[in-house]
Structures are given as structure tokens and as C-alpha cells.
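Structure first, commentary second.
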Amino acid sequence: LRTYRPQRSKAETVKEEMMMKRYITLASLALCLGFGGAGVSDAEALKPLKVGFSLDTKESNLETAWVDYLKSEGEKQGKAAGFDIQWTINVANADPTRQAANIEDLITRGVDVIMARAFDSGAIGASIKSAKNAGIPFITFDRGSTSGKPTEHVGGDSFEQAKTAGEAFSEILNKAGVHGKCIELQGMLTDINAVNRSKAWNEVAKTDGQYETVVQVPTNWNPELFLSGLTNALNAKPEANCVFAASDFAFPSIQAALEKADRWAPTGQPKHMWLATNDLLPAAVKPMEDGYIDVTTTWDAYAHAKEAVRVILAIAKKEDPKCGPDGCLAKGRLATPATIKDMTNLWSRDYK
Amino acid sequence: MIDRGKLSDYLLQRGFFVVFAAVFVFFALSTQHFLQVGNILNIFSAMDPLAITASGLALVVMSGRLDVSVGSTAFLSCAFGALLMLWTGLNPVLDALVVICCGALLGAINGFIVVVLNVNSLIATLSTMIAYRGLALALTDALLVQLPAPIRFLGNARIGPIPVDIFVMLAVLIPMHLLQTRTAFGRQIMAMGNDLAVSRKLGLPVDRTGFLSFVLSGALASMGGILTTIQNGAVSPFLGSGLEFTALAVVVVGGISLLGGRGAILFSIIPGAFIFEMIRNGLTNLGADPYSYRLVGGVVIFAAMYADALKSGRYALRRSA
């Protein structure tokens, strides 16, 4: 079929084209305004919240998990609270001076909230003061400060963590009819969590009397010192029948030392060295499943991140985050070879 | 009658060994298990990676330069090797060779910056120290890379009662000692350490020798890293962290002058590394307060540095006299 089109003059055609162009221009303008309007209303709905996060190191997947969880929780909780959380993250490579400079950078950038995982609990106070002088709230994350009071502290309860592990360990030894003579592998002595864990572990030892610490070995959180320290201690205290590790991140080194001393055997075997640890980090998951570690308390990256974002948003909204006297602390969960398989949201096992 | 000048000279020259003997006897008498053969072997075994790394660094120090990147070189080369083994299932022996080549290459980069670009060795290796560690952290995603189970047993391998890593240390240190004391290369290193400008005027190949000293330092750092990795069963993000300073302290404590031109590898590195590990071991045997470890270590380093400064001062006076 052919469509009938009447003949038109050239002037009429030009006029028609011009009208069409006007309609297109107007329609485009309307569309742009429409979308633009929508964009403006979105931006108004989500208020930008600039958060600076100063990490001391990024040397294990705990830090990687924290950062990922903070971002995902920030998006989730932030949107629900009407905030668009924009993260600026810097890493100090285990250098307290570098960390202080990094925090100064965050202050200069004009972030709304600063959160820091201190490399040195005793040195972070200067940065807290600096941020406060600039009117920026300061949250210590994971490691508290011993040199100045932050706006809030968020982290795990390191004292409670080691206490829970110690009490459960006492029970296990009690059931086995063993009096524990333990080698304590301490963490870095400038880390408040390491200090708290040592205090709690030895407090339970005094209270329960089921085990005692025969030697304390400083490891400075260095796997090479876990190996040489435990090797030395096993030689110095041949009567030792248990080990408490302030953290199990360097478990391969602990395993190497026990293998060297011919004490690497799962629970129930005569050569078994009773083992209590903290954290249940990825290197410790398999030894725990296989029965080499008797008890541990988790260091829950997801719970920490979730709590940190909640506190950041509360501070941004000028609300009371309702923390306890020691801060907003997420408790760890007790794990044994019998319970680990049924534990859900275990980041060290499930997080890739 | 004892000549006071001679006695003070003797103590200054042998002061380290007097302190060494005193500390050894103290630990032996005050603890129950320190003097056991097993414990002494443990000390030797624990110090092996440090001694191997320090022997490479010693060559650079003797030439009058510094290499503070040895810890990061060990970490980067071992991280690369461990990942290569995990990804491709490469034969462990070949993998070890790749790691050593990687260390030599990283050392060559240092050598190029210092010798060709004429950058101060401290500044050059300080920057590569940071860069190499950053690269290694990015490569491993800062994760602990565990060795495959069949390799792990090597960490505790023994020939009779003696850990294999002690033989490895000797197999590295003896040739290094001969290289330093019996070859033209070693004499050139010492000449450079005494006076670089004069050595250049005399027509010695100072650039080539200096470059090679960095290559050797890198290769030996990676060998030390391999030993640490095998002992620990994993490459951790902490591998080599602070090693540069401990290795430097071992070099100086053992009697190699920071100003260059003096010292002998075998007789400096083994006692230097041994005293560091002995102090740690002895304090654990004593059940000492954990805070005292750093204090005692610091005092030993200070005493050695001070003795070195005094000795250097005397040499300078004698030379000018």
C-alpha cells in the first residue's frame, strides 16, 4: 500500500522542520530537567559523610575483611540513615610517626569523622588531640588509646575475649584431670589488646587455679619470634604441657615449634600440647577443626565493622551511641573443635 | 706489671668477646637448661637466616656503603617464590633458585641506583626498602601464604642431632668468608671501604665491585628469607620486618666497622648473630620480664656501637699520628 501525502510548498516544509526542532529541543530540555531534578532530590536525600580511616598496617586478611565489611555496612546502614558515606583510607605500614602524619592528612582534607586503628596505643593520643582541636570526632578502632580519650572506642573486648578462652580452657583441663603449666606467647607489648589478653589470661589462672603460666614470651606479633620464642621456652620449661597464644595469626610458626619439639599431636593423644588461642584467624581454622587447638575466642571482623558504622552514624547525627565505659565492644564467640563446624558468619573460614 | 695501655687496647679490640663470654657464663650458671646441647643447637638454628642475610649485608658495609632493604628483599623474593610454587606447582629446588635470582635482581636494582645513578646508598636502599615491601604486600594481598605440606618437613630436617639449616649456614658463610679474605674481589671491597676515592684513582674497578656487592647482598637476603620461610612453614607479611636493622646490628656487634674497610665475615657474623639469639634464649630460660628483652637488646647494640666508635677513633688517631 502506498501512503498518500499531499504536495507542500518549500516554505511550509521549512516551517514544519523548524517546529519539529523546537519540539525536540523542548522535549530534551524537559527530560534533562526531569533527570536532573531526580538527581538533585537523591543528593538531598543522602547527605555526604566523609569518614577517614587510618589503618596501622594492612598485613593480614583481618584488615582486608574490616575494610570490605566497613564499606558494605557503610552503604547499607548509611543509606538507611540518609547518609552517603565516603571513605578515605590510608595505611601507616606499622609506623606510628607515619600514622600521625596520615591522620593530619585526614584533618587537612576536612573529613567529618576520623577512625583509626592505632599502631601504638601510647602514641595515638597526640592525633586524638589534634583531631579534637580541629573539631573532628575521633573513634579508635580495634586498639584503644592509652594516651588520650577518643570520642568513642569501637572494637572487640580483648579482656573478655581472653577471659572467656581462659575459663573454657580451665574447664577442659579440669575435665581431663590435668593441671596446666603453660607457656604464654604474648603479643606486642605496646598493643593494649595484647596487654589486656595477658592480664585476663593470668587473672583466670589465679582465680581458677587450674593452670599457671610458667614463662611469658614476647613475640612482638612477629611469626619468627613465635617460632624461636616457643622453641626456646619448650627447651627451658620441659615440664610445660600447655600454650596460650595471644593471637593465632602466626599459627604455622607455633606448629613448626611444636613439631620441632615432637609435641605436635591432636587432642586425645599422649604428645598433645594443650592449646588455647585468641582470634581464630584463617591460619588457625584447620588446626582447630583437626583438634590441635583446644579452645579459642573469635575476633569478629564483621561485628566490629557493623558496630563501627553504627557509632559513626550516631556521631554524625549527634546522637549518643550508647557505648559502655570501655567503648562499644563486640564480644567474641567461643570455639572448640566440637563447635567450629556449626558456627555461622565465621569470616576467617568463610571470607575469601 | 700489666701495661694499662695494652690492656685497654686489648679490651677495646676484644671487648665484644669479653661481654659475649660473660653473658654466656651468666646464662649457663643461672639457668637449668641453657647449656644443654639441644638448646645451643636451637640457638644456632634460630640465628641461621639472620646470619646469612647479615653476611651479604656485611660485604656492602665493608665497602663503606649500606643496604637497608635486605628485609624487604627477603620478603618480596620469598613471596614471589611461594606464590609461584602455589600457582604453578614448580619444583621446590627450581623455585629456590628463582627466589635467589629474584633477590639478586632486586640487589642489582639497588646497585644500579647507587653506582650508576650515584645516589647515596642509605637513601637509595631506604626507598627500595619501602617499595619492595609495598610490592610484596600487594602481591600477597597481605595474606599469610602457607607452604605446601611436603615442604614443611624441611624446616625440621636434621642430620643426626644437628638441624640441616646449620649446615646450610656454614655452606654459605665459609665461601663468603673466603670470597672476602682470599680473592681480589674481597680485597677490592676492603680497599673501597678504606677510601673509595683512592681506590678509584688506583684503577680498581670500584663501580663493578660495588654493584656486585649489592647483587650478592640481595641474593643472600633472599637465601635468608628462604630459610625463614621453611622454618616457619609460611611466608608471612612480617617476613624480614625489622631484619635490616637486626642484621646491621649483627654486622657491627660482630666487629665489622660501619665506616667500612674492616672485619671478617665468618668471625664477625657468627658471634654477632649468636649473641642476639643467645640473649633472647637466655632471657626466656631465665623467665625474664617480657619488657626486658628490648632493653637488653638495646644495651648490647649501644655497647657495640660505642666500642666501634672508640675503636674507629683510635684508628683515626693512629693513622694521623
Side-chain angles (χ1 to χ4, degrees), chain A residues 57-64 91 93-95 98 183-190 194-195 198 213-238 249-262 264 281-283 286 352, chain B residues 31-34 36 38-43 45-47 49-50 130 133-134 136-138 140-147 152-153 155-156 158 163 228-243 246 277-278 280-294:
Chain A
T57 59
K58 200 163 180 286
E59 295 188 342
S60 79
N61 56 356
L62 173 62
E63 286 95 8
T64 312
V91 184
N93 295 327
D95 178 355
R98 178 76 254 152
I183 295 165
E184 183 192 348
L185 298 172
Q186 294 184 321
M188 190 165 62
L189 298 170
T190 53
V195 175
S198 181
T213 301
V214 290
V215 65
Q216 292 181 310
V217 180
T219 67
N220 215 18
W221 292 142
N222 181 342
E224 291 151 42
L225 298 183
F226 271 83
L227 171 62
S228 63
L230 183 53
T231 303
N232 292 342
L234 286 167
N235 196 71
K237 305 286 175 191
F249 83 100
F251 201 80
S253 299
I254 297 175
Q255 181 181 341
L258 292 175
E259 281 171 344
K260 199 183 260 190
D262 198 20
W264 179 246
L281 295 182
K286 185 140 195 334
K352 304 291 177 208
Chain B
T31 66
Q32 199 185 343
H33 301 282
F34 178 80
Q36 286 176 349
N39 190 50
I40 301 296
L41 287 175
N42 272 342
I43 297 178
S45 172
M47 73 180 223
L50 177 62
I130 297 165
R133 184 158 290 276
L137 287 172
T140 58
D141 207 11
L143 303 178
L144 191 94
V145 183
Q146 295 202 43
L147 290 183
R152 282 192 59 93
F153 84 96
N156 288 324
R158 286 167 185 266
T228 305
T229 304
I230 291 175
Q231 284 182 348
N232 284 275
V235 175
S236 87
F238 288 85
L239 198 153
S241 179
L243 177 66
T246 318
E277 204 48 51
M278 178 177 75
R280 186 166 286 283
N281 184 294
L283 289 173
T284 305
N285 268 277
L286 272 178
D289 186 302
Y291 287 98
S292 66
Y293 284 62
R294 283 185 175 206

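Note that the coordinates shown come from a computational prediction; the quantities given were computed from them, not determined experimentally. Below, chain A is the first sequence line, B the second, and so on; all start at residue 1.
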Exercise for the section: Please report the shortest heavy-atom distance between A:Asn235 and B:Gly38, naming the atom on each side. Expected result: OD1-C, 4.4 Å
Completion exercise
Under 4.5 Å to a heavy atom of chain B? For A:Gln186 that would be side chain
Handout entry: Partner chain B: residue of A:Pro282, A:Ala256, A:Pro252, A:Ser253 with the largest heavy-atom pair count (under 4.5 Å)
Key = A:Pro252
Completion exercise
Value for CD (B:Gln231) from NZ (A:Lys260), rounded to nearest 0.5 Å, stands at 5.5 Å
Practice task
Heavy-atom distances under 4.5 Å only: say whether B:Ser45 touches chain A with side chain, backbone, both or neither.
Solution key: side chain
Practice task
Using a cut-off of under 4.5 Å on heavy-atom pairs, state which of A:Val214, A:Asn220, A:Val217 scores highest against chain B.
Solution key: A:Asn220
Problem - CD on A:Glu224 to CG on B:Leu50, rounded to 0.5 Å - result: 9.5 Å
Fill in the blank from the handout: Rounding to 0.5 Å, atoms CD (B:Gln146) and NZ (A:Lys286) come to a distance of 10.0 Å
Completion exercise
Looking only at A:Val215, A:Leu281, A:Val91, A:Leu227, the option with the highest number of non-hydrogen pairs under 4.5 Å against chain B is A:Leu227
Practice task
Measure across A:Phe249 and B:Phe238 and return the closest heavy-atom pair with its distance rounded to 0.1 Å.
Solution key: CE1-CE1, 3.6 Å
Practice task
Below 4.5 Å from any heavy atom of chain A, which atoms of B:Thr284 appear? Answer side chain, backbone, both or neither.
Solution key: both
Problem - Leading residue by heavy atom contact count with chain A [cutoff under 4.5 Å; candidates B:Gln32, B:Met47, B:His33, B:Gln36] - result: B:His33
Practice task
Hey, could you give me the CG/CG distance between B:Asn39 and A:Leu234, rounded to the nearest 0.5 Å?
Solution key: 11.0 Å
Problem - Point-to-point distance, once rounded to the nearest 0.5 Å, from CZ of A:Phe251 to OG of B:Ser236 - result: 15.5 Å
Problem - B:Leu239, part contacting chain A, at a heavy-atom distance under 4.5 Å - result: both
Exercise for the section: Report yes if the side chains of A:Asn232 and B:Glu277 come closer than 4.5 Å at any heavy-atom pair, otherwise no. Expected result: yes
Problem - B:Phe34, part contacting chain A, at a heavy-atom distance under 4.5 Å - result: neither
Exercise for the section: Search all heavy atoms of A:Pro218 against all heavy atoms of B:Arg280 and return the closest pair with its distance. Expected result: O-NH1, 4.0 Å
Handout entry: With B:Asn156 via side chain to side chain donor-acceptor pair (under 3.5 Å) - residues at least two apart
Key = none
Practice task
Using non-hydrogen atoms and a 4.5 Å limit, figure out which bit of B:Asn42 sits close to chain A: side chain, backbone, both or neither.
Solution key: side chain
Exercise for the section: Can you tell which part of A:Ile183 gets under 4.5 Å to a heavy atom of chain B, answering side chain, backbone, both or neither? Expected result: neither
Practice task
Inspect the surroundings of CZ in B:Arg158 and state if more than 12 heavy atoms from other residues, nucleotides or ligands are less than 6.0 Å away.
Solution key: yes
